[in-house]
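Notes follow once the structure below has been shown.
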Amino acid sequence: MPYNFPTYQAYLERYKMFWSEEGDGRPPLLSEQEFQQSFQLLRDSYQTYQDMIDQGMEDQAAHYYMNVIHFLENKLAIADGYDNFIEGRL
């Protein structure tokens with residue numbers, strides 16, 4: 001991942017690589033404001049996911065990941081961003 005992972009410019013670069021081929025399921029390019037809002041939502045969602053894991057709610061966490069986080073990762077062109085959101089990194 002680029003050093004400037006949380007920036008809009010890094011998102012644009014990821015989008016070009018992640019969605020290099022047009023096809024079904026390709027999300028529209030986000031505006032900078034939409035990116036900031038979605039990025040914050042993803043950050044919060046990872047925290048919620050971790051809280052579920054910590055509380056022993058593995059089944060619910062897996063469901064949450066597939067229905068919330070996976071969608072946001074695709075929208076933000078992030079293959080697996082969890083490591084980039086570990087406390088203290090962003």
Side-chain angles (χ1 to χ4, degrees):
M1 287 291 151
Y3 174 75
N4 57 352
F5 178 77
T7 66
Y8 184 68
Q9 184 60 39
Y11 157 71
L12 294 175
E13 292 171 17
R14 284 193 309 269
Y15 186 91
K16 290 175 189 173
M17 289 188 321
F18 196 79
W19 298 106
S20 61
E21 296 182 24
E22 291 188 34
D24 293 326
R26 181 180 182 173
L29 193 60
L30 300 173
S31 70
E32 190 164 358
Q33 181 179 3
E34 291 169 323
F35 165 76
Q36 294 298 332
Q37 291 170 342
S38 296
F39 195 86
Q40 182 60 48
L41 182 56
L42 181 61
R43 181 190 318 249
D44 295 345
S45 296
Y46 280 133
Q47 184 59 56
T48 299
Y49 172 77
Q50 186 60 54
D51 291 346
M52 288 177 169
I53 295 293
D54 293 345
Q55 295 172 23
M57 302 168 60
E58 289 86 6
D59 290 342
Q60 294 91 334
H63 182 75
Y64 184 78
Y65 189 93
M66 291 305 300
N67 290 288
V68 176
I69 294 175
H70 183 72
F71 168 77
L72 288 168
E73 287 176 335
N74 284 342
K75 184 177 180 179
L76 292 164
I78 298 171
D80 181 6
Y82 185 74
D83 288 344
N84 291 286
F85 287 84
I86 294 173
E87 192 169 329
R89 285 198 173 171
L90 292 180

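Residue numbers run from 1 in the order of the sequence given. As a basis for the values below, the full set of heavy atoms in this structure was taken, side chains included, without hydrogen atoms, waters or symmetry mates. Computed from a predicted model, the values in this text were never measured in an experiment.
In this structure, CE on Met57 lies 11.5 Å from NE2 on His63, to the nearest 0.5 angstrom. Atom CD of Gln55 and atom CD of Gln50 lie 10.5 Å apart (nearest 0.5 Å). Within the model, atoms CD1 of Ile53 and CD of Gln60 stand 9.5 Å from one another, a figure rounded to the nearest 0.5 Å.
Considering every non-hydrogen atom in both Pro27 and Lys75, the closest pair reads CG-CA, 4.1 Å. Scanning all heavy atoms of the two residues, the minimum distance from Asn4 to Ala10 falls at O-CB, 3.2 Å. Here the closest heavy-atom approach between residue Gln36 and residue Pro6 is recorded as NE2-O, 4.4 Å.
In this structure, Asp59 has no side chain to side chain donor-acceptor pair (under 3.5 Å) partners at least two apart in sequence or on a different chain. Take Phe35 and apply the ring pair (Phe, Tyr, Trp, His ring centres under 6.0 Å) test, not counting sequence neighbours, and it matches Tyr8, Tyr11, Phe39. For Glu34, the side chain to side chain contact (heavy atoms under 4.5 Å, CB included) partners are Leu30, Ser31, not counting sequence neighbours.
Under a 3.5 Å cut-off, the side chain of Trp19 and the backbone N or O of Asn74 do form a donor-acceptor pair.
Counting heavy atoms from C-beta outward, Leu72 and Ile78 have side chains that stay 4.5 Å or more apart.
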**OP:** Begin from the C-alpha positions of Tyr46 and Leu42 and carry the test side-chain contact (heavy atoms from CB on, under 4.5 Å) through to its verdict.
**Re:** CA-CA 6 Å; Tyr46 280 133; Leu42 181 61; 3.5 Å; yes

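Checked against the 6.0 Å centroid threshold, Tyr64 and Tyr49 do not count as a close aromatic pair.
Under the 4.5 Å side-chain contact rule for hydrophobic residues, Met17 and Leu29 do not share a cluster.
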